[in-house]
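Here the structure comes first, spelled out in structure tokens, and everything after it is commentary.
Remember, predicted model here, so these are calculated numbers, not experimental data.
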Amino acid sequence: MSDEREQALAGDDTVVSAPLPVTPAVFTPIEEFVMPEAKKKSRWPLILTLSLIGVLLVAAVAGFFAARWYFQDKAAPGVTFAGSSVAGQTKEQLKDTVTNAVKGTTITITDNDGNTAAAKLADLGVTVDVNKTVSNLLAAKHDDGGVLGYINAVNPFDRSNVPLAAQTNKLDLATYVTDKFVDEDERAVASTITYDADEQAFTTVKGQEGRAPETSKVLAAVRDAINVPGGNNTASISYKNVDMPVSVSAARQAANEANTRLNNKIVLDNGNGKTFELPVDAVASWIKPNADLDKGTISLTYDEQAIGKYLGQEVPDQLNQDKVSQEDAVDSDGTVLVTMVKGVDGVKVKNVAALTPKVVSALQSGQGATIPVDSDVDAFDTVQKKSEYRIVVDRASQTATVYRNGQAVKTFLVCTGTAGKHETDLGTYYIYLKYSVQDMTGLNDDGSRYLSKDVKWVGYFNGGEGFHTASWNDYGIAHGDPVHYGSHGCVNMYEADAKWIYDNCPEGTVVQVVGDMPSGAVR
């Protein structure tokens, strides 16, 4: 053994190792690198999870839009009324729900003497607008803005309580409670106003001092019932001795304000030449005095529900128009001679409900108004009718010439209206009414009334002007003298001539009055 070997075996710390053999490195090309099987399988749970999340998101979005579509015309999830959910109820169902809740609402009033009265909302001066309440229920949660608003619209955990749309007349409330609990000869009565239909004006009614109930707790119970209707609310009252709760002067001021509303007219216009002025009696029925008994004042309120109901019934009847075709009489060249029937556009009003706030605004201002009404218009058409017959009345020659299809066929002697007083009017007209015999009456120049009985072969063409037999005026006809023997505007004729026109010239025959008046007889 060599010396070095012996030293190592003896425990010397110095170690000398022989060099290890070197193994050449082996490099695998990248394209040939293969992930071990265990690592490839570990990605599938992640892929499945992400896919599941995607499916759920798609389902959630689809469900959201489906819910939005389903509830677009129904009460939204989370909407409550009268303490219960109304989600999914349609307009008609909500109307029944609201109506039943109002019917089921009672306010039980008691005093310290053991007297009790059970009142409905209407008894206590509460006017409920059922339709507006339904509209509020349908709109609840649908009008919220932003992304959260869209989400909350179908979120049943986002709650929205909708109260009744109602107004309370404090004077009516106090009057009811007073009538129920205070004897008539003891009660304090507020001065107020009332409508006199004969005078078409509001007048004052004097009140009196006396005993009055303190109704603040009743009013609070009414507010609670409006917020959550359908149950039995309770309230107690006490009494106090008071002066006249509202003075005569305060009532007189309210009457003057109410009469201002009656005097400043409200007119509805369909935009096609037809208007409707709201009647005084109807307007008066909408004006309600509302007294603040603590302040001793009277204010005016307006019954919006009654206004809406009236307008809904009356406006279509008053402002709708049936279309009427215009009828023009024309000659052989197509020239219009006269319009026999004036054309009228067909009009059908719409959006009548939108008129209610406009009428209320006009009443509140006291200025009156002309309010346009939305409508659909169907324009009239024009029908041309060729006039086979045409009669030319010539005042200068005192003749009437009949043309048929442009050719003169007859000329008659006539006597027209008195010169300077009752001249037969110049212009183009048409025969619109005929009588074989008629009693004629009118006023003479001295104011006395004349009566001509059994006048024959009458054909009116311009108001009260027409052709007819005038057996009493043969001289005036023969000489053509309207200055001394003229009529009250009619065309006087011999009987045979008037009968020819009556028999041959139908209604619709064009009549043209031409020529200057003569200064005397022309024949």
Counting C-beta onward and ignoring hydrogens, is there a side-chain heavy-atom pair between [X] and [Y] closer than 4.5 Å?
| X | Y | value |
| --- | --- | --- |
| K206 | M244 | yes |
| D281 | Q200 | yes |
| P213 | V182 | yes |

When you measure from the side chain of [X] to the backbone of [Y], do you find a donor-acceptor pair of N or O atoms at a distance under 3.5 Å?
| X | Y | answer |
| --- | --- | --- |
| K217 | I109 | no |
| N270 | V373 | no |
| D345 | V377 | no |
| Y432 | G463 | yes |
| S387 | Y389 | yes |
| Y429 | N462 | no |
| K180 | N115 | no |
| S375 | V349 | no |
| N161 | G83 | no |
| D516 | R395 | no |

Quick one: side chain to side chain donor-acceptor pair (under 3.5 Å) partners of [X], sequence neighbours excluded?
| X | result |
| --- | --- |
| T275 | none |
| D446 | S448 |
| Q208 | none |
| S249 | S247 |

Would you tell me whether T80 and R159 have side-chain atoms, one donor and one acceptor, within less than 3.5 Å of each other?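 R159 and T80 do not have a side-chain donor-acceptor pair below 3.5 Å.
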Would you please say whether a donor-acceptor pair under 3.5 Å links the side chains of N290 and S299?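 On atom types as modelled, these side chains do not qualify, holding no pair under 3.5 Å.
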Which salt bridge (Lys or Arg N to Asp or Glu O under 4.0 Å) pairs, counting each pair once, include a residue from [range], with sequence neighbours left out?
| range | value |
| --- | --- |
| residues 240-268 | none |
| residues 359-376 | K350-D376 |
| residues 309-331 | K323-D378, E327-K385 |

*Is it the case that more than 12 heavy atoms not belonging to F380 sit under 6.0 Å from its CZ atom?*
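More than 12 within 6.0 Å, yes.
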CG/L268 to CD/E277 distance, rounded to the nearest 0.5 angstrom?
->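 It comes to 10.0 Å.
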Compile the donor-acceptor pairs under 3.5 Å between side chains in residues 116-140 and protein atoms, sequence neighbours left out, one pair per line.
from: K120; atom 1: NZ; to: K103; atom 2: O; distance (Å): 2.8
from: K120; atom 1: NZ; to: T106; atom 2: OG1; distance (Å): 3.2
from: D123; atom 1: OD2; to: K120; atom 2: N; distance (Å): 2.9
from: D129; atom 1: OD1; to: N131; atom 2: N; distance (Å): 3.3
from: D129; atom 1: OD1; to: K132; atom 2: N; distance (Å): 3.0
from: T133; atom 1: OG1; to: D129; atom 2: O; distance (Å): 2.8
from: T133; atom 1: OG1; to: A165; atom 2: N; distance (Å): 2.9
from: S135; atom 1: OG; to: N131; atom 2: O; distance (Å): 3.1
from: N136; atom 1: ND2; to: K132; atom 2: O; distance (Å): 3.4

Practice problem: Any pair with a residue in residues 187-226 that passes ring-ring contact (aromatic ring centres under 6.0 Å, His included), sequence neighbours left out, goes on the list, sorted by first then second residue, please. | Solution: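 Sorted pair list: Y195-F202.
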- Message: Under the ring-ring contact (aromatic ring centres under 6.0 Å, His included) definition, can you give me all pairs with a residue in residues 259-304, not counting sequence neighbours?
- Response: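 Every pair satisfying ring-ring contact (aromatic ring centres under 6.0 Å, His included) with a residue in residues 259-304: W286-Y310.
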**Report entry** Set of side-chain contact (heavy atoms from CB on, under 4.5 Å) partners for D183, sequence neighbours left out
**Finding:**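 Counting only residues at least two positions away or on another chain, D183 forms a side-chain contact (heavy atoms from CB on, under 4.5 Å) with D185, E186.
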Query - Taking every non-hydrogen atom, the tightest pair across I287 and P289 - result: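 Taking every non-hydrogen atom into account, O-CD, 4.1 Å.
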Point to revise | Smallest separation among heavy atoms of V79 and K141, with atom names | key: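 For V79 versus K141, the nearest heavy atoms are CG2-CD, 4.0 Å.
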Distance-only donor-acceptor pairs under 3.5 Å for side chains of residues 230-239, two or more places apart:
from: N232; atom 1: OD1; to: T108; atom 2: OG1; distance (Å): 3.0
from: Y239; atom 1: OH; to: D111; atom 2: OD2; distance (Å): 2.6

